[in-house]
Structures are given as C-alpha cells and as structure tokens.
Number of protein chains: 2
Amino acid sequence: EQVVIRGIAHDPDVAKIALLGVPDRPGVASEIFQAVGGRGVNVRMIVQASAEGGKNDVTFAVGTHDVKIVLPVVEAARATLGARAFLYDPDVAILSVVGEGLATSAGTAGTVFRVLAEADVNIELISTSSITITCMVRQSDVERAVRALHQALQLEQGP
Amino acid sequence: EQVVIRGIAHDPDVAKIALLGVPDRPGVASEIFQAVGGRGVNVRMIVQASAEGGKNDVTFAVGTHDVKIVLPVVEAARATLGARAFLYDPDVAILSVVGEGLATSAGTAGTVFRVLAEADVNIELISTSSITITCMVRQSDVERAVRALHQALQLEQGP
Ligand SMILES: C[C@@H](O)[C@H](N)C(=O)O
Ligand SMILES: C[C@@H](O)[C@H](N)C(=O)O
C-alpha cells in the first residue's frame, strides 16, 4: 500500500504543560481542555498514556505566546480536580510527519524513529494516528531532527 | 478560523500493548517500532508521555489479527531493552476525529472530550495532532461514544 508523506512540520515555539495525578474518570479531560479552549488557546498536541491506581497524567503542548494565559487555567484545573501537581517545560519543540496510509504502512513510524535516533535526538513524547506521527523533542534538537528527516524521507521517496 | 471535521473513524478490533520501563535514550522507540514494522504489522496509535527517572513507557495499538505476531516481537524487545514488563489489553477500541484546523480551533478537543464525558465514556489514552484527535476507550464503550460524537458534531456543523 502506497505511503504518501505529505510533509514534515515543526515548531520550536511551544511549551509542554502537564497535569499530574488527575483522577481517571469521565469528565476530567473535558474539564481541562474546555477550560484551556475556552480561553482561545490552541492545543498543539495532547498525550495521555494509561492510568495507574485510578490516576493519570495529561500532557499537552501550547504555543509559547499562550503560556501566560494557560498557566493560571491549568492551576485552577489542578485545584478543582485535586491533581497532585502540574509541570511546565518551555524548552521543547514539536515535529510532525504527515501523510496518508501511515498506519497501513508497517514501517513509517520505525523509520522516523530510526532517523531521529541516528541524529542522536531523544524522543520525549510520541503521539501518532493513521495520518500523523508527532514527536516532542528538546528545542535545541529540533532543527537537526527536521534536517535528518528531510534527507532520509526524500531519499526513500525517490526523485 | 474554520474548523472542518472530515469524519469520525473507529475500530473495535484493536489491542493495546505497552512496554513498561524502557530506557529513555535515543534508539529505543526506533528499536521497538522497526521490529514491529519489520513483521509487517500496522501500528494504529502510539502514545508516549514524559519519562521519569530515566525510564518511560511506550504504548501502542495494533489490529487484533496482528497480536499473535506482535507479542513475541514485543517480548524480544523487552528483553533486549531491559524493560521491566509488557502489558497486553485486548478489550479496547480506538476512535478518531479527523479534521483540519483542529489545533487552530481552540475548542475541538474540549468538545470531543465533553461529548465522551456526557456519554459516560472514560478516555483511557489520548493522542492528538493538528489533524486528528484519537482516543482509546473500552471496547464496550466505543459504539456509544461514536454515536454521541456523530450527534453532537453534526449539530455543531449545522444542516
Ligand atoms: C484522565 C482523563 O482522560 C479521564 N480518563 C477522562 O476520561 O476524562
Ligand atoms: C523512550 C524512547 O522514546 C526514547 N526516548 C527514544 O528516543 O527512543
């Protein structure tokens, strides 16, 4: 099946925010992102892995310019939900490989991750679907990561 | 900015697999997904949140029919990487809301999560990008979740 890579996007002007130890029950993700969205903030990436012991962490990325709006919203959500803590890390970047048939291509995620590994880029967050492979990396690594991806994926796509 | 929702996709015939406690260093995601991809397995969703103490968990979904191929590959990766454990949960489903401008729409993720909350669907994993909002839920919840999303999103999009 044809894998079509439409493009590689990246943005160094983002920050990571996470709410740690939220209750794992319906309505929690809704509360957080309705509050954030209600302030007109665009959420660029959301990652939530499996809950443990009835608690989970919810991690997301927003544009650097939105941080001052989001932090008080997140602190309010933390208090309302009884979450243990929130985490804020501005020194990050996101990169995305967008295509069609990514999930039906057995190899694309492995290829993207191999290229990043060969460029000595540590992958901090991963969020994929059938259309997009999105990674969060250190801000200082993203340009090197994107150059490596352009080179490798171009070679594989042919002239 | 116009939010265009292209569709709602779902698949009840998936399983969740996770490698727990992998080392947080370049090459680990590459090792796992090159091995899985190398067996021709399509990875439907990958979620990885932040590492702690030099370790991380890597969670992904594959089609039910691919589980027998993937489990030995994952066990081999677990041993190679020195990961603490792997987790396998077949009783899950994935649903995706696909559109344009999702990340530039401040509200779409909150809306999707609100609709799921109102349908009393617990959201187990979340993976989003600018184009897709993907959630993993209990298999027994997915039909109700998808019906609720179709109803709610149709109303918001107008006639
Ligand atoms: C943690 C959060 O995602 C919760 N499970 C919810 O459904 O909202
Ligand atoms: C855990 C895994 O994603 C690792 N950080 C890597 O870069 O491969």
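We name chains A, B, ... by the order of the sequence lines, and we start the count at 1 in each one.
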Region of B/Ile123 that comes under 4.5 Å of a non-hydrogen atom in chain A: both

Atom pair CD (B/Glu124) and CD (A/Gln48), whose distance is rounded to the nearest 0.5 Å: 9.0 Å

Top contributor to chain A contacts, counting heavy-atom pairs under 4.5 Å, from B/Ala49, B/Gly63, B/Ser96, B/Gly27: B/Ala49

Residue B/Glu75 excluded, over 12 heavy atoms near CD under 6.0 Å: yes

A/Ile46 with A/Leu71, same ILVMFWY side-chain cluster at under 4.5 Å: yes

OG on B/Ser127 to CE on A/Met45, rounded to 0.5 Å: 7.5 Å

Joint hydrophobic cluster, A/Val62 plus A/Leu87, side-chain heavy atoms closer than 4.5 Å: no

Exceeds 12 heavy-atom contacts within 6.0 angstrom, atom CD of A/Glu118: yes

Side chain / backbone / both / neither for A/Leu116 at chain B, heavy atoms under 4.5 Å: neither

Rounded distance [0.5 Å steps], CD1 in B/Ile133 versus CZ in A/Phe33: 10.0 Å

Residue among B/Thr134, B/Val121, B/Thr59, B/Asn56 with most heavy-atom pairs under 4.5 Å to chain A: B/Val121

Pairwise distance OG(B/Ser129) to CD1(A/Ile94) - rounded to 0.5 angstrom: 9.0 Å

Side chain to side chain contact (heavy atoms under 4.5 Å, CB included) between A/Val47 and B/Ile126, worked out: CA-CA 5 Å; A/Val47 170; B/Ile126 302 171; over 6 Å; no

Point-to-point distance, once rounded to the nearest 0.5 Å, from CG of A/Leu125 to OG of B/Ser50: 4.5 Å

Linked, directly or transitively: B/Val36 and B/Leu81 (ILVMFWY side chains, under 4.5 Å): yes

Interface residue of largest heavy-atom contact number with chain B, from A/Ala51, A/Cys135, A/Ala9, A/Pro26, under 4.5 Å: A/Pro26

Heavy-atom closest pair, residues B/Ala117 and A/Ser30: CB-CB, 4.1 Å

Path from A/Val43 to A/Ile69 over hydrophobic side-chain contacts below 4.5 Å: yes

Point-to-point distance, once rounded to the nearest 0.5 Å, from CD of A/Gln34 to OG1 of B/Thr111: 6.5 Å

Co-membership, hydrophobic cluster, residues B/Phe113 and A/Phe86, 4.5 Å side-chain: yes

